[in-house]
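Notes to accompany the following structure.
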Amino acid sequence: MSTGSKSINMLNGSIWDKMIVFAIPLALTGVLQQLYNMADVAVLGHFVSNEAMAAVGNNVPVNGLIISFCMGLALGSNVVVARCLGMNDTIRASKAVHTSIFIALVFGLVAMIAGLVLCDQIMSWMDVPESVVHHASVYLRVYLLGMPFIALYNFLAAIYRSSGDTKTPLWALCAGTVFNVLGNLFFCSGLVYRRCGFSHGTRQCARLLYSVF
């Protein structure tokens, strides 16, 4: 896997300046993810309704659990690939990359299918209020359709970071954030899909993040 001049060689020379260059895009990625969520809530509050905001809020624990588990798996692949690259074992590194992508696809598909099958039960387990349970269920189902792409983004971002490239995932997230905001505005503005447009925009954003890589 080649990432060109964006990679940082952590194996030779001074480490302190490289750590700063490596860490700044990571920090900006975290900030951008928070702005991403804030923009989603702002669009919902302006164009849709309080019930729609409540529906999304009720899904935060489920989405957070799935994404956190996905990021944990991706971090594991990051460690394995970085270790292989550190040993200059390109063959094992290539195998690790391909295995990581396979795991991402399997995880994304399993999470999507399991979530769709158990969606109604999940709403019951979380004791979602009757007034928003339908909207929450629709949102979660549409959101889960994008899980394979979300998983692929997280794993590919981890792979790039394992080679010292933290800029490519940041630029991909920047592009995805812009697309997500525009998608939310389009799908939630009353033109189309008013009920599930928010999650539809997020799903399309996940597809864009994968395509950027």
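This structure is a prediction, so every number in the text was calculated from the model and none was measured.
Taken together through direct or relayed side-chain contacts under 4.5 Å among Ile, Leu, Val, Met, Phe, Trp and Tyr, Phe22 and Leu75 form parts of separate hydrophobic clusters. Leu85 and Val79 are assigned to two separate hydrophobic clusters, defined by single-linkage of ILVMFWY side chains at heavy-atom distances under 4.5 Å. Residues Val97 and Phe102 fall into different hydrophobic clusters, defined by Ile, Leu, Val, Met, Phe, Trp and Tyr side chains chained together at heavy-atom separations under 4.5 Å. Taken together through direct or relayed side-chain contacts under 4.5 Å among Ile, Leu, Val, Met, Phe, Trp and Tyr, Trp125 and Val60 form parts of separate hydrophobic clusters.
Looking at heavy atoms from C-beta onward, Asn63 lies in side-chain contact with Leu140 at the 4.5 angstrom threshold. Contact of the Ile91 side chain with the Lys95 side chain is registered, since non-hydrogen atoms from C-beta on lie closer than 4.5 Å. Residues Leu156 and Ile101 meet the side-chain proximity criterion, which asks for heavy atoms closer than 4.5 Å. At a threshold of 4.5 Å between non-hydrogen side-chain atoms, the residues Ile159 and Ser100 count as touching. Between Cys174 and Leu170, some side-chain heavy-atom pair lies under the 4.5 Å cut-off. Counting heavy atoms from C-beta outward, Val138 and His135 have side chains that stay 4.5 Å or more apart. Side-chain atoms of Leu65 and Ser68, non-hydrogen and from C-beta on, never get closer than 4.5 Å to each other. For the pair Phe155/Leu73, a side-chain contact is recorded, criterion being any heavy-atom separation below 4.5 Å from C-beta on.
Atom OH in Tyr160 sits 14.0 Å away from atom CG in Asn78 (nearest 0.5 Å). Between atom CD1 of residue Ile24 and atom CE of residue Met19 there is a gap of 12.0 Å, rounded to the nearest 0.5 Å. Considering CZ of Arg83 and CZ of Arg92, their distance stands at 5.5 Å, rounded to 0.5 Å. How far OH of Tyr139 is from CG of Leu144: 9.5 Å, rounded to the nearest 0.5 Å.
Of the possible polar contacts, none joining the Ser137 side chain to the Val133 backbone as a donor-acceptor pair under 3.5 Å is found. With Asn59 contributing its side chain and Ala136 its backbone, the two residues share a donor-acceptor pair below 3.5 Å. Formation of a donor-acceptor pair under 3.5 Å by the Asn58 side chain with backbone atoms of Ala54 is found in this model.
Evaluated for a side chain to side chain contact (heavy atoms under 4.5 Å, CB included) with Thr166, the options Leu26, Thr29, Leu28 yield exactly one hit, Leu26.
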Do any side-chain atoms of residues 105-122 form donor-acceptor pairs under 3.5 angstrom with protein atoms, and if so which ones, sequence neighbours left out?
residue : atom : partner : partner atom : Å
Asp120  : OD1  : Arg141  : NH2          : 3.0
Asp120  : OD2  : Arg141  : NH2          : 3.4

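When all heavy atoms of Tyr153 and Ala172 are compared, the pair lying nearest together is CE1-CB, 4.3 Å. Considering all non-hydrogen atoms of both residues, Cys70 and Ala151 come closest at SG-CA, 3.6 Å. Across all their heavy atoms, Ala74 and Asn154 have their closest contact at CB-O, 3.7 Å.
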